[in-house]
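Report on the structure given below.
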Amino acid sequence: MTHPAVRLVGLRETPLDVEEVLGCLDDDASGGLVLFVGRVRDHDGGKGVTGLDYSAHPTALDRLTAVCERVAEEHDVHGLAAVHRVGTLDIGDAAVVVATVSSHRGAAFEASRALIDTLKAEVPIWKHQRFGDGTEEWVGSP
C-alpha cells in the first residue's frame with residue numbers, strides 16, 4: 001500500500017470485524033465516516049438462498065489494493081479500508097466491509113460508494129450460491 005489513506009486491505013477466511021475497520025480509520029481530522037457492510041441474504045432472483053461460497057482469483061488481493069489506491073487518489077479521503085470474505089458463509093454473515101473517512105460526509109459517502117461499486121466490478125471474487133430447491137449458481141465468474 002503506497003497511498004497513505006489506504007489503511008486496511010484484505011481477503012479473509014475468518015469472520016470480518018467491523019471494529020477492526022473502524023479502528024484503523026480513527027482520525028481526529030475526519031468529521032465523516034461512512035461504513036458499508038455487505039451481508040449474505042436469504043434470497044436472490046426469487047429463490048431462497050441457503051448459503052454460499054466466495055472464491056478469489058490469486059490476483060484478487062492485488063486488484064483490491066489497486067482499487068483502494070485509485071479511490072484514495074480520486075477522492076478527498078483521509079483513510080479507507082476494504083476487506084472481503086472468502087470461503088463458506090452463512091445467511092447473515094458479513095461478506096464485505098468497506099469504509100472511508102473524510103473531513104466532510106459528502107466526500108466520505110461518494111468515496112465509499114465508489115469503493116464498493118468498483119470492488120464489485122473489478123476484483124475477481126466469485127460467489128457460488130446454493131438455493132433451497134437444490135439448484136446452485138455462480139455469480140460474477142468469467
Side-chain angles (χ1 to χ4, degrees), residues 1-132 135-142:
M1 292 180 270
T2 58
H3 194 287
V6 178
R7 309 256 182 95
L8 175 66
V9 180
L11 296 177
R12 306 273 171 80
E13 293 183 16
T14 56
L16 301 182
D17 183 356
V18 171
E19 292 302 321
E20 175 192 21
V21 172
L22 295 176
C24 81
L25 294 176
D26 190 25
D27 182 332
D28 290 342
S30 296
L33 182 149
V34 173
L35 172 75
F36 172 79
V37 179
R39 300 178 50 215
V40 178
R41 63 181 178 269
D42 68 357
H43 67 281
D44 191 36
K47 292 183 176 184
V49 173
T50 60
L52 55 80
D53 302 287
Y54 279 102
S55 300
H57 187 272
T59 64
L61 184 58
D62 289 340
R63 297 280 297 275
L64 179 56
T65 301
V67 165
C68 290
E69 297 277 343
R70 192 163 76 239
V71 169
E73 286 291 331
E74 294 173 356
H75 294 270
D76 183 21
V77 294
H78 301 157
L80 64 78
V83 289
H84 203 296
R85 275 287 301 271
V86 292
T88 301
L89 284 77
D90 294 321
I91 304 304
D93 285 351
V96 61
V97 178
V98 301
T100 64
V101 290
S102 184
S103 293
H104 304 285
R105 68 180 177 272
F109 273 109
E110 290 173 15
S112 289
R113 179 68 181 247
L115 183 54
I116 189 61
D117 288 352
T118 308
L119 180 164
K120 298 297 276 182
E122 297 183 13
V123 178
I125 297 173
W126 307 295
K127 178 169 56 174
H128 179 218
Q129 297 187 115
R130 296 181 302 281
F131 298 107
T135 61
E136 57 187 40
E137 170 187 52
W138 282 93
V139 180
S141 61

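- For His128, the side chain to side chain donor-acceptor pair (under 3.5 Å) test picks out Glu136, with sequence neighbours left out.
- Panel note: side chain Arg63, backbone Glu122; a donor-acceptor pair is recorded below 3.5 Å.
- In plain terms, the two heavy atoms of Ser103 and His78 that are nearest each other are OG-CE1, 3.0 Å.
- In plain terms, the two heavy atoms of Leu119 and Ala82 that are nearest each other are CD1-CB, 4.3 Å.
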Pair Val83-Val21, side-chain contact (heavy atoms from CB on, under 4.5 Å): steps then yes or no: CA-CA 8 Å; Val83 289; Val21 172; 4.0 Å; yes

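- Minimum interatomic distance between Ser102 and Ala108 (heavy atoms only, all atoms of both residues): CB-N, 3.9 Å.
- Atom CG of residue Leu80 and atom OG of residue Ser112 lie 8.0 Å apart, to the nearest 0.5 angstrom.
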Give every donor-acceptor pair under 3.5 Å between a side-chain atom in residues 87-99 and any protein atom, sequence neighbours left out.
residue	atom	partner	partner atom	Å
Thr88	OG1	Asp53	OD1	2.5
Asp93	OD2	Asp90	N	2.8

Mind running side-chain contact (heavy atoms from CB on, under 4.5 Å) on Trp126 and His57 for me, showing each step along the way? CA-CA 8 Å; Trp126 307 295; His57 187 272; 3.4 Å; yes

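- Distance CG/Leu22 to CG/Asp17: 8.5 Å, rounded to 0.5 Å.
- To the nearest 0.5 Å, the span separating CG on Leu25 from CD on Glu20 amounts to 10.0 Å.
- Between the side chain of Arg12 and the backbone N or O of Thr14, no donor-acceptor pair lies under 3.5 Å.
- Separating the CZ atom in Phe131 from the CG atom in Leu52 is a distance of 9.5 Å, to the nearest 0.5 Å.
- Annotation: the span from Lys47 atom NZ to Arg130 atom CZ amounts to 14.0 Å, rounded to 0.5 Å.
- Across every non-hydrogen atom of Leu8 and Cys24, the tightest pair is CB-SG, 3.7 Å.
- Listed here is the closest heavy atom pair of Leu61 and Leu11: N-CD1, 3.8 Å.
- Under the side chain to side chain donor-acceptor pair (under 3.5 Å) criterion, Asp27 pairs with Arg7, Ser30, sequence neighbours left out.
- Listed here is the closest heavy atom pair of Tyr54 and Arg85: CB-O, 3.5 Å.
- With rounding to the nearest 0.5 Å, the separation of NE2 in His75 from OG1 in Thr100 is 9.0 Å.
- Looking at heavy atoms from C-beta onward, Thr118 lies in side-chain contact with Arg70 at the 4.5 angstrom threshold.
- Checked against Leu115 for a side chain to side chain contact (heavy atoms under 4.5 Å, CB included), the options Leu64, Val34, Val67 give a single hit: Val67.
- Formation of a donor-acceptor pair under 3.5 Å by the His3 side chain with backbone atoms of Ala5 is found in this model.
- Using a 4.5 Å heavy-atom cutoff, the side chains of Thr135 and Glu137 are not in contact.
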